[in-house]
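In what follows, chains carry the letters A, B, and so on, assigned in the order in which the sequence lines appear, proteins first and then strands, with residues in each chain numbered from 1.
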Amino acid sequence: MARALAPGTALARDFFLDAPDLVARKMLGKLLVRAGSGEARVGRIVELEAYFGEADAAAHAFAGKTKRNAVLFGPPGHAYVYFVYGMHYCLNVSCEREGRAGCVLFRALEPLDGLEAMARARGVATPLALTSGPGRLCQAFGITRAADNGTDLTAPESDLQIQDDGFKAGEILVTPRIGISKEANRPARFVLAGNPFVSKYKG
DNA sequence: AAGCGGATCGTCT
DNA sequence: GACGATCCGCTTG
């Protein structure tokens, strides 16, 4: 049932070399793939947010490099996983050249394969609740800071990858980012228009 | 249907 | 010592 993983189809590092908003646009419609030791988990990326590094008051990198956000200042294409609210993880990909801290936050996926594993990890069965939200998708994919922070998402041997299956994204909507107090009006959230798996947020 | 608050802890001031 | 790039359940209308 699970589609065969095609090693070597992970997006290349150059893909993430651009500015965060450009990378986010390009990433919509791509796949997040967790190979894992058992059932593979695959989701199509339907919602992302761009964070602009040290120039962006809403970004974790705004106050400069710290132990927590160090990955953001490294080379592009690496996973930055952080822990919030005492119980949730969120996944980002680092963008831009080494030394610049832009990144893209994964906010929602459309689950394609490994739904049972996701449901088990989440303790929830309904597909709409599996991966629609940054904390939810991390739980569904078993993403933690200890296991995944700093992982090179472009490496063929990585357990976590971003792949291209040839899907063409349709209309893209751009809105302000969610859950932040600074730069609250900046349009930097990108979603696949009309996709039901985009997160439903409450003000 | 929508709004509110509790859970829970690593990170930085 | 305060505060999150969140989620869920309980309350109220």
Assess whether salt bridge (charged side-chain N to carboxylate O under 4.0 Å, His left out) is satisfied between A/Asp18 and A/Arg25, documenting all intermediate values. CA-CA 11 Å; A/Asp18 284 319; A/Arg25 282 183 179 278; over 6 Å; no
Using a cut-off of 4.0 Å on non-hydrogen atoms, how would the nucleic acid contact of [X] be classed: base, sugar-phosphate, or nothing?
X	value
A/Ala58	base
A/Phe83	sugar-phosphate
A/Arg177	nothing

Rounding to an integer number of Å, can you tell me how far [X] [atom1] sits from [N] [atom2]?
X	N	atom1	atom2	value
A/Arg107	C/dT6	CZ	C1'	9 Å
A/Asn149	B/dT11	CG	C1'	13 Å
A/Glu49	C/dA5	CD	P	11 Å
A/Tyr82	C/dC3	OH	C1'	13 Å
A/Leu128	C/dC8	CG	C1'	16 Å
A/Met87	B/dT11	CE	P	16 Å
A/Lys200	B/dA1	NZ	P	14 Å
A/Arg68	C/dA5	CZ	C1'	9 Å

A/His60, nearest nucleotide to its side chain (from C/dA5, C/dC7, B/dC12):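 Looking only at side-chain atoms, A/His60 lies closest to C/dA5.
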Can you figure out which of B/dT8, C/dC7, C/dA5 approaches the side chain of A/Pro134 most closely?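 For A/Pro134, the side-chain atoms sit closest to C/dC7.
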Nearest 0.5 angstrom please: A/Tyr51 OH to A/Cys103 SG, how far?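 Taking OH in A/Tyr51 and SG in A/Cys103, the distance rounds to 8.0 Å.
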Nearest 0.5 Å, what's the CG-CD1 distance between A/Leu105 and A/Ile180?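 It is 10.5 Å, given to the nearest 0.5 Å.
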Would you check if the side chain of A/Ser158 reaches a backbone N or O of A/Leu153 as a donor-acceptor pair within less than 3.5 Å?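 No, A/Ser158 side chain to A/Leu153 backbone: no donor-acceptor pair under 3.5 Å.
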Complementary nucleotide of B/dT8, counting Watson-Crick and G-U pairs under 3.5 Å: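 Its partner: none found.
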Applying the Watson-Crick and G-U wobble criteria at under 3.5 Å, what pairs with C/dC10? Answer none if nothing qualifies.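 Partner of C/dC10: B/dG3.
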Describe, in one word, how the ring planes of A/His60 and A/Tyr80 are oriented to each other, choosing from parallel (under 30°), tilted (30 to 60°) and perpendicular (over 60°).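 Taking A/Tyr80 first and then A/His60, their aromatic rings stand perpendicular (interplane angle over 60°).
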Would you kindly check whether a donor in the side chain of A/Tyr85 faces an acceptor in the base of B/dA7, or vice versa, at under 3.5 angstrom?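 Checked by distance alone, the answer is no.
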Which whole number of Å gives the distance between the P atom of C/dA5 and that of B/dG3?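 22 Å, rounded to whole Å.
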State whether [X] places a side-chain N or O below 4.0 Å from either non-bridging phosphate oxygen (OP1 or OP2) of [N].
X	N	value
A/Arg145	B/dC9	no
A/His88	C/dC7	no
A/Arg122	C/dC7	no
A/Arg189	C/dA5	no

Candidate list A/Arg186, A/Lys182, A/Arg177, test side chain to side chain donor-acceptor pair (under 3.5 Å), partner A/Asp56, passing option: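 Result for side chain to side chain donor-acceptor pair (under 3.5 Å) with A/Asp56: A/Arg177.
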Please compare A/Thr66 and A/Gly86 by the position of their nearest nucleotide in DNA chain B and report the one closer to 5'.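 First, find each residue's nearest nucleotide; the 5'-ward one identifies A/Gly86.
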